[in-house]
Amino acid sequence: MFLLLSMCVCVLLLGGEAQDRAALWRGNDRSGRCHYTFSVPSPSEASCPQTGGPELEGLKARLSLLEVLVSRLTGGEVGSTSTRTGSSGSQQGLQEALNRVTGQRNLLQGEKERLERELEGLQQRMEEMRRETEKLRNRPCPPQTPVVQPSTPLHDSSLIRPAGGSSSMSHLITRPNRQGDTSNLRDPAWQYGPPGFQELKAEVTEVPAPDGSEDSTGCGELVSVGEPVPHRKADTIAGKYGVWMQDPDAMSPYGPKMVWRIDSVGSEIRQLFGYEDMEQLSKGFPSKVLLLPEAVESTGATLYRGSLYYQRRRSRTILRYDLASESIAARRDLPHAGFHGQFPYSWGGYTDIDLGVDEQGLWAVYSTNKAKGAIVISKLDPHSLEVKKSWETSIRKNSVANSFMICGKLYTVASYTSANTTINHMYNTETSEGKAVAIPFRNRYRYNSMIDYNPAQRKLFAWDNSHIVSYDLRLGRQQAN
């Protein structure tokens, strides 16, 4: 009995001590559910016995495996994300490369089509030349004019008068022609013994009497401009704008018939094409191609005394290129001249500086900031390019389409696109006075980018929307001072 009572008292004492050290925890798990955790330390065991060792080790192994799987999954997501990012970047790079290749293919295709068109044009011209050659070969040579035998005298026995012929039938009849002269007509009663004879024909061309107001040799004012005469059309877009020239005072090794051409569409214009004459120009067969050492700006170039004068690209520098030595012979900045779009003509094209030649020499037409866009005319020394004298006009340069010099007088064209326009201003450098004029002028192809005067031929040379054309001129009689 005492032993049982002692055991109960020990149990109660131990239970109370355990109750004093018991702990209760409450918290939410990962899913948000509330969990209560109650722990009581063992009153008699210092450590838990190693019971269920295999199960605990298996649990640890499964936990380790689970951790590995979680880490792999996490790494896989990161890897897949980076893979998707890399794939996206690769696809974008491939797309850009494809776009570049497609663009290059389109450019090559366009170039191929252009070359095919040029080849087709050359083949057509060759076929036309072949047909023309065949026509010339098949055409018979013109017969030589037979020698006319002298008229037989009336007393010659070869002339037989019919018997019984009256005097009224034997005389010669005369009648006036339209010029007032008389022509002898044979009486049909007379017959030549030899049957052969030659009929002679004459044609009369009416030539108008010269107008007393015209001057074929002097330097009167411009009276009229003829219709444009086309000579050739450019083969490519590079020839939409350009300049063509003949040297009015040609020097060796090139003669006065040599024609020069520059196509002005492009960023590095350096080719100068030469043709032996106008016929070769119309056929498109250059006999000389020169590569200029510095690029040309726009359509303001001109030829004079064996040299090409032109504006260097993106500058106010004027260059003199000697055709014989094929080198730059002189260079000089045109003082204060606007360039590269500051003061162009109304059609644009960087036509700030326009060079030209007339009976009095080499000229430059341009503008400056001081002139506030008004046209300035300067006479240049053809050897050194030094400015000899300048004139400031009241004509706004960007209000006119083009200009040219004739006998020291500046003429401006009102429009470059209107089919029927006018030459609207004239400025005389001799008197330093200007006036308005209204001389009809035709832009046949509706985009005239170059007009220059050739004093040797007394013609205007122009480049109208890829077409090389010329105009005949009429000048009035020079007024006596």
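Model, not experiment: these values are computed from the prediction.
Nearest heavy-atom pair across D464 and Y445 is OD2-N, 2.8 Å. Residues E221 and Y411 come closest through the heavy atom pair CA-OH, 3.6 Å. For the pair S415 and N443, the tightest heavy-atom approach, listed with the atom from each and the gap, is O-ND2, 2.9 Å. Across all their heavy atoms, V357 and P455 have their closest contact at O-CD, 3.9 Å. Residues A324 and S252 share a closest heavy-atom pair of CB-O, 4.1 Å. Between A401 and S346, the closest heavy-atom pair is CA-OG, 3.3 Å.
Counting heavy atoms of neighbouring residues, nucleotides and ligands inside a 6.0 Å radius, atom NZ of K233 does not exceed 12 of them. Other residues, nucleotides and ligands contribute at most 12 non-hydrogen atoms within 6.0 Å of the CE atom of M251. Annotation: Q360, atom CD; neighbour count of heavy atoms from other residues, nucleotides and ligands within 6.0 Å is above 12.
Taken from CE in M129 to CG in L122, the straight-line distance is 11.0 Å, to the nearest 0.5 Å. We find the CD-CD distance between E120 and Q124 to be 5.0 Å, quoted to the nearest 0.5 Å. Of the inter-residue distances, the one linking T102 atom OG1 with N106 atom CG reads 6.5 Å to the nearest 0.5 angstrom. For the atom pair CD1 of I395 and CE of M426, the computed distance is 9.5 Å after rounding to the nearest 0.5 Å. Between atom CG of residue N465 and atom CZ of residue R446 there is a gap of 10.5 Å, rounded to the nearest 0.5 Å. Atoms OG and CD1, from S399 and I375 in turn, are 7.0 Å apart once rounded to the nearest 0.5 Å.
Of the residues T351, T299, D354, the one that meets the side chain to side chain donor-acceptor pair (under 3.5 Å) test with Y345 is D354. Of the residues listed (Y275, F461, Y254), the one engaging Q246 in a side chain to side chain contact (heavy atoms under 4.5 Å, CB included) is F461, and it is the only one.
Put simply, the side chain of D277 never gets that close to the backbone of K257: no donor and acceptor are under 3.5 Å apart. Formation of a donor-acceptor pair under 3.5 Å by the R396 side chain with backbone atoms of K372 is found in this model. In this structure a side-chain-to-backbone donor-acceptor pair under 3.5 Å is missing from Y321 to Y310. A side-chain donor-acceptor contact under 3.5 Å links S298 to the backbone of G349. Between the T429 side chain and the G408 main chain, a donor and an acceptor come within less than 3.5 Å of each other. Remark: side-chain polar atoms of D352 are paired, donor with acceptor, to backbone N or O of G341 under 3.5 angstrom. A donor-acceptor contact shorter than 3.5 Å is absent between the side chain of W347 and the backbone of Y416. Side chain of D247 to main chain of R305: a donor-acceptor pair is present (N/O by atom type, distance under 3.5 Å, no hydrogens or angles). Distance alone, capped at 3.5 Å, places no donor-acceptor pair between the S367 side chain and the F343 backbone. Between the side chain of R313 and the main chain of S267, a donor-acceptor pair closer than 3.5 Å is present.
For the residue pair R331 and T317, no side-chain donor N or O sits within less than 3.5 Å of a side-chain acceptor on the partner.
Y453 meets the side-chain hydrogen bond (donor to acceptor under 3.5 Å, both in side chains) test with E359, R458; sequence neighbours excluded. Partners of S378 according to the side chain to side chain contact (heavy atoms under 4.5 Å, CB included) rule, which considers only residues two or more places apart in sequence or in another chain, are Y366, V376, L380, V387, S390.
Side-chain atoms of W391 and L410, non-hydrogen and from C-beta on, never get closer than 4.5 Å to each other. You'll find the side chain of K388 reaches within 4.5 Å of the side chain of D381, heavy atoms only. For the pair L385/Y309, a side-chain contact is recorded, criterion being any heavy-atom separation below 4.5 Å from C-beta on. The closest side-chain heavy-atom distance from W463 to I262 is not below 4.5 Å. Contact of the L323 side chain with the L303 side chain is registered, since non-hydrogen atoms from C-beta on lie closer than 4.5 Å. A heavy-atom distance below 4.5 Å is found between the side chains of V469 and P230. Side-chain contact check for R320 versus I318: every heavy-atom pair is 4.5 Å or farther apart. P248 has its side chain within reach of Y304: a pair of non-hydrogen atoms, C-beta onward, lies under 4.5 Å apart.
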Given the rule in the side chain to side chain donor-acceptor pair (under 3.5 Å) test, do T412 and N424 qualify, once you have shown the distances and angles that lead to the verdict? CA-CA 6 Å; T412 64; N424 58 350; 2.7 Å; yes
side-chain contact (heavy atoms from CB on, under 4.5 Å) between I269 and Y241: does it pass, once the steps are laid out? CA-CA 12 Å; I269 307 302; Y241 318 131; over 6 Å; no
Kindly determine whether N369 and H336 satisfy side-chain contact (heavy atoms from CB on, under 4.5 Å), including the steps that lead there. CA-CA 7 Å; N369 289 324; H336 312 296; over 6 Å; no
Check the pair Y471 / K459 against side-chain contact (heavy atoms from CB on, under 4.5 Å), numbers first and verdict last. CA-CA 6 Å; Y471 300 81; K459 293 178 183 287; over 6 Å; no
What verdict does the side-chain contact (heavy atoms from CB on, under 4.5 Å) test give for L308 and W260, after you've listed the backbone C-alpha separation in whole Å, the side-chain angles of each residue and the deciding distance to 0.1 Å? CA-CA 10 Å; L308 172 72; W260 300 90; over 6 Å; no
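Remark: R442 engages E227 in a salt bridge, criterion side-chain N to carboxylate O under 4.0 Å. A salt bridge between R130 and E127 is present, with a side-chain N of the basic residue lying under 4.0 Å from a carboxylate O of the acidic one. Salt-bridge formation is detected for the pair E111/R114: a Lys NZ or Arg NE/NH1/NH2 atom is positioned less than 4.0 Å from an Asp or Glu carboxylate oxygen. Using a 4.0 Å cut-off between a side-chain N of Lys or Arg and a carboxylate O of Asp or Glu, R316 and D333 do not qualify as a salt bridge. Using a cut-off of 4.0 Å between Lys/Arg side-chain N and Asp/Glu carboxylate O, K370 and E392 are scored as not salt-bridged.
Cation-pi check for K288 over F273 is not met; the charged atom does not lie both under 6.0 angstrom from the ring centroid and within 45 degrees of its normal.
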